[in-house]
There are 2 protein chains.
Amino acid sequence: MNQKKTARTREDVLPELGEVFREHGFEGASLADITARTGLGKGSLYHFFPGGKEEMAEAVLDHIDHWFETEVYQPLREDEDPRAAITRMLDGTDAYFRSGRRVCLVGVLALNLTRDRFAARLSGYFTRWRDALASALCRLGHRPELAGDLAEEAVVAIQGGLVIARALDDPSAFTRTLERLRVRLLDAG
Amino acid sequence: MNQKKTARTREDVLPELGEVFREHGFEGASLADITARTGLGKGSLYHFFPGGKEEMAEAVLDHIDHWFETEVYQPLREDEDPRAAITRMLDGTDAYFRSGRRVCLVGVLALNLTRDRFAARLSGYFTRWRDALASALCRLGHRPELAGDLAEEAVVAIQGGLVIARALDDPSAFTRTLERLRVRLLDAG
DNA sequence: TGCGCTCTGTACCATTTGGTACACTGCAAT
DNA sequence: ATTGCAGTGTACCAAATGGTACAGAGCGCA
């Protein structure tokens, strides 16, 4: 009934923080942008994240990583039905990126020089995705090196689809990309 | 023998300007970065680009657009040997992006909110690439709608390959992407 | 009631920001 | 030689930057 006006815990600012970094990039995101978006003053912000912007971005990346780990990577690695796990990955990805209307923060941070600050997190995100998908493809019957190549192609396509969808301001470019992947990943099993 | 210490004309600062925007993004690129990289003081900078950062970025985008138009798109549209034109596109793309060590400025600008300032240029760059490639694929014997889809897939893959190569700090992820495209674009003709 | 703690707003800081003003340099045409 | 103008360096500006200090607010608990 009585809903709080502002987010209270460190945890629930993370999504809003993520949106700011998505929209402005790391260097471009000012504390003014951040306080405006989160509703938190500098006081609270530096209370939760004594390390400033850098710690905020790290926390957001950890949060994202955790989501993908449990929702996508683990099923890909462990689900006894790899076909179902891949379908779940595609649907989850479509939902997470809002069918192409939302951009990938990891991709955004990877492009600038800021990449170097978060190098380990950024490369970990993509290599774990690729390896988890390769694992599922292997269990689906693909030969190992072919599975690795196909998995890389899929991760590449997803990132590219987000860039193009945003550049064209046409989310359908992303959903078409996912459809192509659905065919390519599931048909040859 | 006597080489000039600094770039002189508006034209030859454009590559250096482009690098700054690539490395920092639009919002993140400060005038200090720009003067440092180009060797030009604010005086000269604002003499060449009275509109400031925005005009600089527009000039760089025009420059890039012109390069791709003459080196890639026109051959794709007009070369009587579409197979050769596609090979030229792949080789030119590999060279332009330094085999994955360089990032695509158009892609970088597309991801942030700054996209809106340059919306027409950004979408034009990708749509013209896709349509030119689709034209070559048609002449190679593909059915028109299939050619359009394949062309979109290629443009998506190139952008994605750049993101992944940069995130992993592994340019070979980009060259592998180009190899996959070489097969897929040229084999089914 | 009063203690202790997390959380928050505000005032403040030095530095940097994008941008302007302007006086100067050098050279090309007269 | 003089003029004119493209190109340049420097000083300057108000505003915004990331970050700090600190005095409180609110609340759980004794």
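Reminder, nothing fancy here: chain letters follow the sequence lines and each chain counts from 1.
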Engineer: Kindly point out which of D:dG9, D:dG19, D:dT17 is positioned nearest to the side chain of A:Tyr46?
Structural biologist: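 For A:Tyr46, the side-chain atoms sit closest to D:dG19.
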Engineer: Starting at CG of A:Asp33 and ending at P of D:dG19, how long is that distance when rounded to a whole Å?
Structural biologist: 14 Å
Engineer: Whole angstrom is fine here: how far is it from CZ in B:Arg10 over to C1' in D:dT8?
Structural biologist: 17 Å
Engineer: Whole Å only: how far is the CD1 atom of B:Ile34 from the P atom of C:dT16?
Structural biologist: 17 Å
Engineer: Between atom CD of A:Glu23 and atom CG of B:Asn112, what is the distance when rounded to the nearest 0.5 Å?
Structural biologist: 9.5 Å
Engineer: Report the distance from atom NZ of A:Lys53 to atom C1' of D:dT20, rounded to the nearest whole Å.
Structural biologist: 17 Å
Engineer: Could you work out which one of C:dT17, D:dG18, C:dT8 sits closest to the side chain of A:Phe48?
Structural biologist: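 My answer, after comparing the listed nucleotides, is C:dT8.
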Engineer: Check the distance between D:dC22's P and A:Leu45's CG and give it to me in whole angstrom.
Structural biologist: 20 Å
Engineer: B:Leu31 CG to D:dC13 P: how many Å, rounded?
Structural biologist: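 My rounded result for the distance is 18 Å.
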Engineer: Write down the distance between CD (A:Glu54) and P (D:dT17), rounded to a whole number of angstrom.
Structural biologist: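 For the pair A:Glu54 CD and D:dT17 P, the rounded distance is 19 Å.
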Engineer: When the distance from CD of B:Glu27 to C1' of D:dA16 is rounded to whole Å, what number comes out?
Structural biologist: 13 Å
Engineer: According to the interplanar angle, ranging from 0 to 90°, do the rings of B:Phe97 and B:Phe68 count as parallel (below 30°), tilted (30 to 60°) or perpendicular (above 60°)?
Structural biologist: tilted
Engineer: What nucleotide, of D:dG19, D:dG7, C:dT8, holds the atom closest to the side chain of B:His47?
Structural biologist: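 Looking only at heavy atoms from C-beta outward on B:His47, the closest nucleotide is D:dG7.
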Engineer: Between D:dT8, C:dG18, D:dT20, which one does the side chain of B:Ser30 approach most closely?
Structural biologist: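 Taking heavy atoms from C-beta onward, the closest nucleotide is C:dG18.
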Engineer: Between A:Gly43 and A:Ala32, just flag the one whose closest nucleotide in DNA chain D comes earlier from the 5' side.
Structural biologist: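 Comparing both residues, the 5'-ward one is A:Ala32.
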Engineer: Using a strict 4.0 Å threshold on nitrogen-to-oxygen distance, state whether A:Glu55 and A:Lys53 make a salt bridge.
Structural biologist: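 Looking at A:Glu55 and A:Lys53, the cut-off is not met.
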Engineer: For B:Glu80, I'd like to know if atom CD has over 12 heavy atoms of other residues, nucleotides or ligands within 6.0 Å.
Structural biologist: no
